There are 2 protein chains.
Amino acid sequence: MHSDPVASRSAEHRDSRESRNGSTPHLDAVSLAIIEQLQEDGRRPYAAIGKAVGLSEAAVRQRVQKLLDQGVMQIVAVTDPLTVGFRRQAMVGINVEGDVESVADALSAMPEVEYVVMTAGSFDVLAEIVCEDDDHLLDVINKRMRAVPGVRSTESFVYLKLKKQTYMWGTR
Amino acid sequence: MHSDPVASRSAEHRDSRESRNGSTPHLDAVSLAIIEQLQEDGRRPYAAIGKAVGLSEAAVRQRVQKLLDQGVMQIVAVTDPLTVGFRRQAMVGINVEGDVESVADALSAMPEVEYVVMTAGSFDVLAEIVCEDDDHLLDVINKRMRAVPGVRSTESFVYLKLKKQTYMWGTR
DNA sequence: GTGAAGTCTGCGGATTCCGCAGATCTCACA
DNA sequence: TGTGAGATCTGCGGAATCCGCAGACTTCAC
């Protein structure tokens, strides 16, 4: 048998069964390790990943495809829209009366909204928006977002400068 | 000459010169189009991208490499840490007295901090943090972040559920 | 004990990646 | 106006990678 940098394979399988999260199931240590590799470089070859996690090239490929199909992970190019230019960006904190999730869904449906998260604290929902310019920003916040049923109030934080943006939660 | 889906090449060059953003220079329409392609699929082959934007495979490869080297773009796997499991995540709004940028830099240096942005509004800085558990979260916020010189106050928004996460600003 | 489902491995063949040399264009400067 | 440096694009092979598939193995339910 080849060396196994992560752990015993069969043990992983048993672990993955006892996922108490009903929605998105089963992420064993090997898949975690694969995701970590792709967090460092989304274009890393499958063979190199396989060597790092102790799997064949084909097995890595099948796992990655499955993770993508399930929506657990996506491999994409990320930028700073402000650096790329000509756009206004903001985080909007929202207070909701009634069903929070339906408001979050309505916000998620808007193309200018890149990021929506339900939170505990003095806001019920946080939404990040990317706009063409100030007029567009004003339109999205004051017309469209405030018009969503259940939105009680909003507070905006216009982005001045992005200082850090990483995806390295795995590698610590 | 082949068809040119984006625009005239030489015209692009002229456009790219007049970038009034001193920090990160020059992003012409072709590079924008390449980024859009990679926002849809970070592993899309260079040849396919070249066909879409009207460039040869080698030219796309050189441009992508340059964008990566310059830090304009990164190609990575992104997930929802909450879905992946066993972690607490929060957005922290911060008020600063004195130099905001130095505070932002200090926060950026912390490994648990994934995202830092300077803002206009009732917070000076927003920081997103990913922690192992509640104890870790408490430690990072109350011990480490509040200890940064210049931090006047913080307010936390613990993540309950991520509803949307895209990187499609280009394709609208 | 047996069959279905899931996963891993190994293996070609097609595709892609990669470095390099030459051509083209722009721009600065004499 | 001419010239040379710098940047970018194209085309081309050779190496590496991607991709589908068939077989083997394990687990699980019945």
Side-chain angles (χ1 to χ4, degrees), chain A residues 1-19 24-35 37-38 40-70 72-77, chain B residues 1-19 24-35 37-38 40-70 72-77:
Chain A
M1 182 189 236
H2 56 60
S3 68
D4 204 333
V6 176
S8 157
R9 195 78 38 73
S10 50
E12 300 309 327
H13 275 257
R14 255 178 277 116
D15 285 347
S16 68
R17 297 294 167 184
E18 48 160 347
S19 168
T24 311
H26 331 310
L27 264 211
D28 61 25
V30 178
S31 290
L32 262 296
I34 291 174
I35 294 175
Q37 293 287 317
L38 290 170
E40 291 179 16
D41 176 6
R43 275 183 170 260
R44 184 161 295 169
Y46 295 131
I49 298 172
K51 184 167 294 186
V53 307
L55 236 54
S56 70
E57 180 266 350
V60 172
R61 177 156 38 88
Q62 290 163 12
R63 284 206 184 221
V64 168
Q65 193 54 54
K66 192 175 167 188
L67 290 170
L68 295 173
D69 290 342
Q70 289 177 156
V72 174
M73 166 184 82
Q74 43 183 333
I75 299 176
V76 293
Chain B
M1 186 187 226
H2 57 61
S3 69
D4 205 331
V6 176
S8 157
R9 195 80 36 71
S10 50
E12 300 311 324
H13 275 257
R14 253 179 279 118
D15 285 348
S16 69
R17 297 294 166 184
E18 47 163 348
S19 167
T24 310
H26 328 313
L27 264 210
D28 61 24
V30 178
S31 290
L32 262 297
I34 291 174
I35 294 175
Q37 292 287 318
L38 291 170
E40 292 178 16
D41 175 6
R43 275 182 168 261
R44 184 162 295 169
Y46 295 130
I49 298 171
K51 183 168 294 187
V53 306
L55 236 54
S56 70
E57 179 267 352
V60 172
R61 178 157 36 90
Q62 290 163 12
R63 286 210 184 215
V64 168
Q65 193 55 53
K66 191 176 168 188
L67 289 170
L68 295 173
D69 291 341
Q70 288 177 159
V72 174
M73 166 185 81
Q74 43 184 334
I75 299 175
V76 293

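The chains referred to below are lettered A, B, ... by the order of the sequence lines, with proteins before strands, and numbering in each begins at 1. Just the heavy atoms: all of them, side chains too, but no hydrogens, waters or symmetry mates, feed the values below. Please read all numbers here as calculations on a predicted model, not as lab measurements.
- Remark: side-chain polar atoms of A:Arg43 are paired, donor with acceptor, to backbone N or O of B:Arg44 under 3.5 angstrom.
- Summarising the geometry, atom CD belonging to B:Gln70 is positioned 8.5 Å from atom OG belonging to B:Ser31; distances are rounded to the nearest 0.5 Å.
- In this structure, the separation between CG on A:Asp41 and CD1 on B:Ile75 is 7.5 Å, given to the nearest 0.5 Å.
- At whole-Å resolution of the value, CZ in B:Arg44 and C1' in D:dC18 are 16 Å apart.
- Going from atom CG of A:Asp69 over to atom P of C:dG6 covers 14 Å, rounded to whole Å.
- Look at CG on B:Leu67: it is 13 Å from C1' on D:dT8, rounded to the nearest Å.
- Summary for the helix from C:dG1-D:dC30 to C:dA30-D:dT1: the axes at its two ends, each from 5 pairs, differ by 30° when rounded to the nearest 10 degrees.
- With values rounded to the nearest 0.5 angstrom, B:Tyr46 atom OH is found 6.5 Å from B:Gln65 atom CD.
- Put simply, CG on B:Leu55 is 15 Å from C1' on C:dC25, counting in whole angstrom units.
- Taking only side-chain atoms of B:Pro45, from C-beta outward, the nucleotide of D:dT10, D:dC18, C:dT16 with the closest atom is C:dT16.
- Note: CD (A:Gln65) to P (D:dC21) measures 14 Å, nearest angstrom.
- In this structure, A:Ala58 and A:Arg43 both approach DNA chain C, and ranking their closest nucleotides by distance from the 5' end singles out A:Ala58.
- Which of C:dT16, D:dC19, C:dT9 sits closest to the side chain of A:Arg61 comes down to D:dC19.
- Side-chain atoms of B:Ser56 lie closest to D:dC9 of the nucleotides C:dG19, C:dT9, D:dC9.
- Between A:Lys51 atom NZ and D:dT17 atom C1' there is a gap of 14 Å when expressed in whole angstrom units.
- Whole-Å rounding puts the B:Asp41 CG to D:dC18 C1' distance at 13 Å.
- Once rounded to the nearest 0.5 Å, the distance linking CZ of A:Arg61 with CD of A:Glu57 reads 4.5 Å.
- Here C:dG6 presents its C1' atom at 12 Å from CD of A:Gln70, a figure rounded to the nearest Å.
- Between the CD1 atom of A:Ile34 and the CG atom of A:Leu67 there is a distance of 7.0 Å, given to the nearest 0.5 Å.
- Where A:Gln62 and A:Glu57 meet DNA chain C, the nucleotide closest to each residue was compared, and A:Gln62 sits on the side nearer the 5' end.
- The CG atom of B:Leu27 lies 5.5 Å from the CD1 atom of B:Ile35; values are rounded to the nearest 0.5 Å.
- Side-chain nitrogen and oxygen atoms of B:Lys66 include at least one within less than 4.0 Å of the OP1 or OP2 phosphate oxygen of D:dT8.
- Picking from C:dT9, D:dC19, D:dC9 the nucleotide with the shortest atom distance to the side chain of A:Tyr46 gives D:dC19.
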